[in-house]
*Asks:* 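Structure below; questions to follow.
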Amino acid sequence: MDHSKDALTMPLPTRAGLDAVPAYRQGRSAPAGASKLSSNESPHPPLPSVVAAVRDRLDGIHRYPDMSAAALRERLADRYGVDPSEVTVGAGSVEIAAQLIHAVAGDGDEVVFAWRSFEAYPSLVRIAGATPVPVPLDADHGHDLDAMLAAITPRTRLIFVCNPNNPTGTVVGADELERFVAAVPHDVLVVIDEAYVHFDRTESRGAGIELFRRHPHVAVLHTFSKAYGLAGLRIGYAIAPAAVAENQRKVAVPFGVTDLAQTAALASLDAEDELATRIDEVVVQRDRLHAVLVAAGWPAVRSQANFVWVPSADRTAELEHLLQEGGVIARAFAGEGIRISSGSVEDIDRVEAALAGAARERGAAARVEVGA
């Protein structure tokens with residue numbers, strides 16, 4: 001083996017194409033006393049019953065988890081009236097999305113999605129060796145379904161419809177989504193990403209499962225991270241055609257979903273009435289957050305998720321600074337806008353105070369200028 005200086009300083013091998021893959025950017029953490037509204041997390045601590053169920057399993061963490069997550073898959077299959085073979089699990093919705101991409105797409109294939117939408121889509125597509133095809137949102141910050149249909153080519157293998165959309169919170173209605181799915185060729189998988197569906201108060205809520213029942217080329221993605229408050233345990237699931245689900249299991253990370261995560265998911269399904277009250281509280285604060293932003297003169301978009309999007313464009317840095325000065329950490333997309341997660345009453349109080357303080361400063365400055 002050559003241990004010469006020249007050999008030791010030779011560059012390590014790297015995979016071609018990864019320079020085009022941006023690393024996923026986690027929402028910024030918040031200093032003590034500030035409100036972390038950057039990651040769409042639940043503002044509520046875990047339910048005591050869920051904590052107790054997880055604690056009872058701690059003595060078994062020296063054992064591997066059930067890689068098939070049989071108990072959870074059977075529970076979900078019974079809940080939705082599908083076959084367990086059509087249910088797959090993964091370490092959060094990100095891994096489930098990656099599974100679906102790897103299950104159907106590879107080198108030379110294309111994956112279509114709206115943009116801006118879930119930040120991980122383009123990276124996951126490139127990692128799979130496929131080509132991302134982003135389609136701009138419409139003027140109302142929603143999916144432009146006609147443009148997405150027009151973007152389909154013979155190389156298209158998968159289309160993501162994030163519904164409600166992250167980060168804009170807009171929803172594709174049930175009827176228009178039905179027409180879209182019906183128009184997509186059956187050799188293209190349509191993935192309805194419903195990570196935020198529990199916060200949707202429109203009539204189209206939960207349309208993905210019904211589309212799965214009626215169309216052979218639809219998969220639905222859900223997560224326990226948001227409404228169920230299990231973001232730190234990483235568990236999500238998909239309901240997909242059996243052949244797609246089988247391929248998902250082939251590309252999934254072995255033992256990627258821990259026993260503790262599976263236990264917490266089952267316990268959360270047992271506590272859905274209690275969780276529903278918490279979800280309603282998040283929705284109330286989301287709508288209040290929207291009203292606060294509009295009253296302060298910011299162009300907030302009406303949301304059906306657990307966050308509010310502000311398309312602040314070239315004022316994005318200004319708004320981010322105002323919030324940060326007021327003890328609020330949000331998710332800024334430079335030059336485009338800011339996504340502010342719904343939080344507790346105290347969190348939204350802090351947002352309101354930050355924006356009101358800025359308005360008072362502007363008013364004082366204007367009075368001084370007039371007086372001069």
*Asks:* Please check if the side chain of Glu274 supplies one atom and the backbone of Ala271 the other of a donor-acceptor pair under 3.5 Å.
*Replies:*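 No, the answer is negative, given that no donor and acceptor are paired below the 3.5 Å cut-off.
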*Asks:* Kindly compute the distance separating CZ (Arg155) from CG (Asp109), expressed to the nearest 0.5 Å.
*Replies:*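 CG of Asp109 is found 8.5 Å from CZ of Arg155.
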*Asks:* So that I can tick it off, tell me whether Arg79 and Glu272 are bridged by a salt bridge, with the cut-off set at under 4.0 angstrom between side-chain N and carboxylate O.
*Replies:*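 Counted as a salt bridge, because a side-chain N and a carboxylate O are separated by less than 4.0 Å.
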*Asks:* Which class fits the ring pair His186 and His217: parallel under 30°, tilted 30 to 60°, perpendicular over 60°?
*Replies:*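 Geometry flag for His217 against His186: tilted rings.
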*Asks:* Closest heavy-atom contact between Asp347 and Ser35?
*Replies:*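 Closest approach of Asp347 to Ser35, heavy atoms only: OD1-OG, 2.6 Å.
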*Asks:* Regarding Ser341 and Asn40, do their side chains bring together a donor and an acceptor under 3.5 Å, going by distance alone?
*Replies:*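 Short answer, yes.
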*Asks:* Can you run down the salt bridge (Lys or Arg N to Asp or Glu O under 4.0 Å) pairs that involve residues 288-312, sequence neighbours left out, and say none if there aren't any?
*Replies:*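 Matches after skipping sequence neighbours: Arg288-Asp349, Arg288-Glu352.
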*Asks:* For the pair Arg126 (side chain) and Pro132 (backbone), establish whether a donor and an acceptor sit closer than 3.5 Å, ignoring hydrogens and angles.
*Replies:*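 Between the backbone of Pro132 and the side chain of Arg126 there is no qualifying donor-acceptor contact (under 3.5 Å).
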*Asks:* Check for me whether the distance between the ring centres of Phe212 and Tyr80 falls short of 6.0 Å.
*Replies:*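 No.
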*Asks:* Using atom types as modelled and distance alone, determine if a side-chain donor or acceptor of Asp144 lies under 3.5 Å from a backbone N or O of Ala147.
*Replies:*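 Judged by distance alone, yes, a pair lies under 3.5 Å.
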*Asks:* Does a side-chain N-to-carboxylate-O contact under 4.0 Å join Arg57 and Asp259?
*Replies:*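 Answer for the salt bridge query: yes.
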*Asks:* Before accepting this row, confirm whether a basic side-chain N of the pair Asp200/Arg205 lies closer than 4.0 Å to the acidic partner's carboxylate O.
*Replies:*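 Result for this pair is no, no salt bridge flagged.
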*Asks:* In a table with atom names and distances, give each donor-acceptor pair under 3.5 Å that connects a side chain of residues 99-108 to protein atoms at least two apart or in another chain.
*Replies:*
{"unit_1": "Gln99", "atom_1": "OE1", "unit_2": "Gln248", "atom_2": "NE2", "d": "3.0"}
{"unit_1": "Gln99", "atom_1": "NE2", "unit_2": "Val89", "atom_2": "O", "d": "3.2"}
{"unit_1": "Gln99", "atom_1": "NE2", "unit_2": "Glu95", "atom_2": "OE2", "d": "3.0"}

*Asks:* Could you tell me whether Phe333 and Trp309 have their ring centroids closer than 6.0 angstrom?
*Replies:*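 Yes - the distance between ring centres of Phe333 and Trp309 falls below the 6.0 Å cut-off.
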*Asks:* For Asn165 and Arg116, indicate whether the former's side chain and the latter's backbone hold a donor-acceptor pair under 3.5 Å.
*Replies:*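 Present.
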*Asks:* Under the 3.5 angstrom rule, does the side chain of Arg73 hit a backbone N or O of Pro84 as a donor-acceptor pair?
*Replies:*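 Judged by distance alone, yes, a pair lies under 3.5 Å.
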*Asks:* Work out which heavy atom in Val94 is nearest to a heavy atom in Phe118; give both atom names and the distance.
*Replies:*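 Heavy-atom minimum between the residues: CG2-CZ, 3.6 Å.
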*Asks:* Identify the two heavy atoms, one from Ala114 and one from Leu137, that lie closest to each other, and give their separation to 0.1 Å.
*Replies:*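 Reported closest heavy-atom pair: CB-CD2, 3.7 Å.
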*Asks:* Can you tell me if Lys36 and Ser39 form a side-chain donor-acceptor pair at under 3.5 Å?
*Replies:*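 Yes - a donor-acceptor pair under 3.5 Å links their side chains.
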*Asks:* Do Ile159 and Val111 come within less than 4.5 Å of each other through their side chains, counting heavy atoms only?
*Replies:*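 They are not in contact (no side-chain heavy atoms under 4.5 Å apart), so the answer is no.
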*Asks:* Does Ser342 reach the main-chain N or O of Val282 with its side chain, forming a donor-acceptor pair under 3.5 Å?
*Replies:*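 Confirmed, Ser342 side chain pairs with Val282 backbone.
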*Asks:* With side-chain hydrogen bond (donor to acceptor under 3.5 Å, both in side chains) as the test, would you mind laying out the steps for His143 and Glu176 before giving the verdict?
*Replies:* CA-CA 11 Å; His143 285 63; Glu176 55 184 325; over 6 Å; no
*Asks:* Do NZ/NE/NH1/NH2 and the carboxylate oxygens of Arg213 and Glu210 come within less than 4.0 Å?
*Replies:*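 Salt bridge flag = yes for Glu210 with Arg213.
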*Asks:* Look only at the side chain of Arg339 and the backbone of Thr168, and say whether a donor-acceptor pair between them is shorter than 3.5 Å.
*Replies:*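 Not at all, since once roles are kept as given, no pair shorter than 3.5 Å links the two residues.
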*Asks:* Hey, would you say the Tyr228 and His198 ring centroids sit under 6.0 Å apart?
*Replies:*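 When the ring centroids of Tyr228 and His198 are compared, they turn out to be within the sub-6.0 Å range.
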